[in-house]
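Numbered from 1 within each chain, the chains take letters A, B, ... in sequence-line order.
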Amino acid sequence: MHDIRLIRESPERFKKGLERRGIEYDINRLLELDEERRKLIQEVQELKEKRNRLSKEVAELKRKGENATQIIEEVRGIGDRIPELETKTDEIERKLYEELISLPNIPHESVPDGKDENDNVTVITWGETRKFNFEPLPHWELGERLGLFDPRRASKLAKSRFVMTYGSMAQLERALVNFMIDIHVKKNGYREVLPPFLVNEDSMFGTGQLPKFKDELFWVERDNLYLIPTAEVPVTNIHRDEILAADELPLKYVSYTPCFRREAGSYGKDTKGLIRVHQFNKVELVKFSLPETSYEELESLVKDAASILEALELPYRVVLLCTGDLGFSSAKTYDLEVWLSSYNNFKEVSSCSNFEDFQARRANIKFKRDKKSKPEFVHTLNGSGLAIGRTVAAILENYQTKNGEVEIPEALRPYMDGLKKITAQV
RNA sequence: GGAGGGAUGGCCGAGUGGACGAAGGCGACGGUCUUGAAAACCGUAGCGGUGAAAGCCGCCGGGGGUUCAAAUCCCUCUCCCUCCGCCA
């Protein structure tokens with residue numbers, strides 16, 4: 001959400017920011033509403049001031065036992081006008097608010113201009129993509145042939161786009177969760193948190209999923225709760241409506257949760273395997289930062305996420321999203337993409353973003369530089385560290401052997417009871 | 001699901017429609033004292049809006065109402081707690 005005062009101060013900057021996202025927006029509408037709102041507020045304030053003053057006189061007279069009917073009559077007239085003006089003010093404020101919450105964040109200056117994902121910029125490529133001396137299988141075929149991947153029965157249990165794994169493939173998933181959390185806690189200095197998987201409307205609003213992206217969410221109507229689409233939602237909202245101390249920043253959390261996404265409008269895309277499903281596991285990194293260091297924090301967030309891929313020796317690249325591909329709440333985003341032979345391409349396993357104060361303003365998360373100073377909004381950041389299902393897919397495809405088995409990356413073996421290879425029905 | 005009880009500042013906790021942004025305590029911060037610390041004593045402190053500023057306005061869970069005037073009265077919603085039932 002945007003700050004109307006900043007827009008008022010530098011409307012051109014704001015307008016250009018939206019234009020970079022390809023949004024033509026009539027900014028004057030905002031400025032007019034703002035103007036009108038402030039005029040009304042001042043008028044109401046003056047009336048209230050008068051009413052308060054006269055009411056005090058009434059109290060004074062009554063205490064002395066004197067007659068106050070004359071003043072009471074006078075104040076009554078003022079009192080009648082106030083609700084009228086307040087209704088008008090509320091109406092305008094509502095309109096202004098609706099506008100402000102519906103506009104996406106402004107891209108950071110370092111974000112390249114572009115129309116869509118084709119204009120994204122690759123900034124790092126790491127590792128060699130594997131050359132196979134046999135025809136490699138996609139991960140879903142590997143999994144099914146091994147008898148460890150069962151999307152058909154998962155559809156029977158729930159619906160299509162749900163998946164199920166058995167045995168060492170299920171264990172691999174669980175191992176990856178522990179492996180990733182351990183690294184982020186022990187090496188990267190994050191604090192582990194296990195949050196609720198269902199959250200209320202306020203939380204969904206705070207991180208920007210509501211009201212715009214309701215169709216993407218699973219909703220439990222009876223209790224008016226939403227299944228989280230990412231741990232970003234509960235974890236960022238941990239500090240909703242709080243004022244933090246500057247010396248406790250940055251706050252760094254790591255969180256494992258399942259994620260639930262309706263994937264509305266993605267019919268026919270990535271229909272096979274673990275790439276696009278309604279429920280998947282993810283380890284998420286969330287930071288609360290000082291405004292002046294948030295872009296350094298973004299860089300280290302990317303490194304933290306990438307350290308997992310390096311530990312697993314999976315080839316990846318880091319892509320800087322262009323203005324046209326940037327998410328609604330983000331000011332700057334790097335995607336980490338892992339090599340998948342089935343796609344003959346890199347596929348996103350992590351998305352690391354700096355939201356600046358966009359979410360903090362929605363969720364009302366502030367900090368104070370010291371006791372006396374005025375509260376300011378923090379900057380929030382998050383990134384997957386990593387998406388588990390897609391990492392499983394990447395391990396299967398990158399570590400497959402000629403006979404359709406899968407080697408387990410060295411670093412992961414301690415988490416797999418020392419198992420070196422996934423074989424049929426294990 | 002049934003019955004009852006609550007929601008006041010960072011925390012605890014008073015509050016008779018008018019002197020209440022709100023007693024008192026704890027905690028916090030600054031100072032005095034001290035070699036240092038503790039104790040004691042003195043002092044300072046909420047959030048938002050509006051305004052160039054002084055100031056003004058609003059905020060006692062949310063929303064609405066009564067009144068010249070609401071933390072206080074009325075309506076409504078939400079959340080929390082206790083007991084019973086169910087349950088990993």
Side-chain angles (χ1 to χ4, degrees), chain A residues 1-10 30-101 194-206 210 219-226 234 237-249 251 258 357 360-378:
Chain A
M1 160 162 184
H2 294 285
D3 183 358
I4 185 65
R5 276 172 297 194
L6 290 180
I7 297 172
R8 195 192 303 152
E9 276 168 31
S10 41
L30 281 184
L31 297 175
E32 280 162 22
L33 284 171
D34 178 45
E35 186 100 350
E36 202 175 338
R37 166 180 152 270
R38 286 187 294 151
K39 233 171 74 187
L40 281 165
I41 284 173
Q42 284 180 48
E43 208 175 321
V44 170
Q45 278 185 10
E46 279 169 33
L47 287 173
K48 283 189 175 173
E49 191 272 331
K50 195 168 177 192
R51 183 183 66 181
N52 290 346
R53 189 156 36 80
L54 293 176
S55 284
K56 269 180 195 159
E57 281 180 34
V58 172
E60 191 74 20
L61 289 172
K62 292 228 164 170
R63 224 171 287 127
K64 287 190 209 154
E66 290 173 30
N67 190 306
T69 40
Q70 202 186 322
I71 300 182
I72 288 175
E73 275 310 306
E74 193 186 344
V75 182
R76 190 172 285 146
I78 301 170
D80 291 345
R81 285 216 48 204
I82 292 174
E84 219 177 288
L85 289 171
E86 275 187 330
T87 310
K88 227 162 135 189
T89 311
D90 288 349
E91 174 76 3
I92 286 166
E93 274 188 335
R94 211 203 72 240
K95 274 189 202 159
L96 187 60
Y97 180 75
E98 306 256 305
E99 289 296 316
L100 289 174
I101 62 165
L194 183 63
F197 300 162
L198 283 93
V199 299
N200 58 30
E201 273 181 334
D202 288 345
S203 298
M204 283 295 180
F205 178 83
L210 286 180
W219 177 41
V220 183
E221 185 171 12
R222 192 183 159 112
D223 299 285
N224 197 24
L225 292 170
Y226 296 84
N237 278 282
I238 288 173
H239 296 296
R240 170 152 52 83
D241 292 321
E242 288 185 16
I243 299 175
L244 306 166
D247 60 18
E248 57 185 331
L249 299 175
L251 280 168
D357 63 5
R361 184 167 276 114
R362 287 173 87 99
N364 191 28
I365 308 168
K366 299 186 170 180
F367 76 99
K368 276 179 151 182
R369 293 190 185 272
D370 57 68
K371 275 224 62 153
K372 291 262 167 79
S373 56
K374 246 183 128 59
E376 300 169 51
F377 289 110
V378 300

Practice task
Kindly compute the distance separating OG1 (A:Thr69) from CZ (A:Arg76), expressed to the nearest 0.5 Å.
Solution key: 10.0 Å

Exercise for the section: Using the C1' atom on both, measure B:A71 against B:A22 and round to a whole Å. Expected result: 8 Å

Handout entry: NZ on A:Lys39 to CG on A:Leu85, rounded to 0.5 Å
Key = 11.5 Å

Practice task
Determine the Euclidean distance between corresponding C1' atoms of B:A40 and B:U78; express it in Å to zero decimal places.
Solution key: 47 Å

Completion exercise
One should read off an interatomic distance between A:Asp3 CG and A:Phe377 CZ, to the nearest 0.5 angstrom, of 7.5 Å

Fill in the blank from the handout: Taking for A:Lys62 and for A:Asp34 the nucleotide of RNA chain B with the nearest heavy atom, the one nearer the 5' end belongs to A:Lys62

Handout entry: Separation of B:C79 C1' from A:Asn224 CG (nearest whole Å)
Key = 14 Å

Fill in the blank from the handout: Atom CZ of A:Arg5 and atom C1' of B:A52 are separated, to the nearest Å, by 15 Å

Handout entry: Residue-phosphate contact under 4.0 Å: A:Arg76 side-chain N/O, B:U66 OP1/OP2
Key = no

Exercise for the section: Could you state the atom-to-atom distance from CD of A:Glu73 to P of B:A69 in whole Å? Expected result: 12 Å

Exercise for the section: Quote, to the nearest angstrom, the C1' distance that separates B:G48 from B:G9. Expected result: 15 Å

Completion exercise
Closest non-hydrogen atoms of A:Asn364 and A:Lys366, given as atom of the first, atom of the second and distance, are OD1-CE, 3.5 Å

Problem - A:Arg362 side chain vs A:Phe205 backbone, donor-acceptor pair below 3.5 Å - result: yes

Handout entry: Spacing of A:Asp202 atom CG and A:Asp241 atom CG [to the nearest 0.5 Å]
Key = 8.0 Å

Exercise for the section: Determine the Euclidean distance between corresponding C1' atoms of B:C33 and B:G43; express it in Å to zero decimal places. Expected result: 15 Å

Exercise for the section: Starting at atom CG of A:Asp370, determine the distance to atom C1' of B:U44, rounded to an integer number of angstrom. Expected result: 14 Å

Handout entry: Whole-Å P distance, B:A3 and B:A88
Key = 25 Å

Practice task
Return yes if a side-chain donor-acceptor contact under 3.5 Å exists between A:Ser203 and A:Asn200, otherwise no.
Solution key: yes

Problem - Under-4.0 Å salt bridge between A:Glu32 and A:Lys95 - result: no

Exercise for the section: Rounded off to whole Å, could you give me the CD-to-P distance for the A:Glu248 and B:G10 pair? Expected result: 15 Å

Exercise for the section: Measure from the side-chain heavy atoms of A:Lys374 and tell me the nearest of B:G46, B:C56, B:G48. Expected result: B:G48

Fill in the blank from the handout: When rounded to whole Å, the CG to P distance for the pair A:Leu40 and B:G49 reads 18 Å

Practice task
Measure from CD1 on A:Ile71 to C1' on B:C68 and round the result to the nearest Å.
Solution key: 9 Å

Practice task
Please measure how far the P atom in B:G2 lies from the corresponding atom in B:G58, and state the result in whole Å.
Solution key: 41 Å

Practice task
Look at all strands and tell whether A:Lys39 reaches a base, only sugar-phosphate, or nothing, counting heavy atoms closer than 4.0 Å.
Solution key: nothing

Problem - Pairwise C1' distance, B:A14 and B:U8 [rounded to whole Å] - result: 10 Å

Practice task
Determine the contact category for A:Arg222: base if any of its heavy atoms lies under 4.0 Å from a base atom, sugar-phosphate if only primed atoms, P, OP1 or OP2 are that close, otherwise nothing.
Solution key: sugar-phosphate

Handout entry: Distance, P atom - from B:G25 to B:C80, rounded to whole angstrom
Key = 33 Å

Check nucleotides 58-60 of chain B against the protein and report each pair of N or O atoms closer than 3.5 Å, with its distance, or say if there are none.
unit_1, atom_1, unit_2, atom_2, d
B:G58, OP2, A:Asn52, ND2, 3.4

Problem - Which residue lies more 5' along RNA chain B, comparing A:Val75 with A:Ile41 via nearest heavy atoms - result: A:Ile41

Problem - Rounded distance [0.5 Å steps], CG in A:Leu244 versus NE2 in A:His239 - result: 5.5 Å

Practice task
Determine: side-chain N/O of A:Lys366 to OP1/OP2 of B:C47, distance under 4.0 Å, yes or no.
Solution key: no

Completion exercise
Out of B:A69, B:G51, B:C57, minimum distance to the side chain of A:Ser55 belongs to B:A69

Completion exercise
Taken to the nearest 0.5 Å, the spacing of A:Leu198 CG from A:Asp223 CG works out to 8.5 Å

Exercise for the section: Look at the side-chain N and O atoms of A:Arg53 and state whether any lies under 4.0 Å from the OP1 or OP2 oxygen of B:C68. Expected result: no

Practice task
Quickly work out the A:Glu242 CD to B:G46 C1' distance and round it to whole Å.
Solution key: 16 Å

Practice task
In plain terms, say whether A:Lys88 and A:Glu91 are close enough for a salt bridge, that is, a side-chain N and a carboxylate O under 4.0 Å apart.
Solution key: no

Handout entry: Watson-Crick or G-U stems of RNA chain B, 3 or more pairs, under 3.5 Å, by first number
Key = B:1-7 with B:78-84, B:10-12 with B:24-26, B:28-32 with B:40-44, B:46-50 with B:55-59, B:61-65 with B:73-77

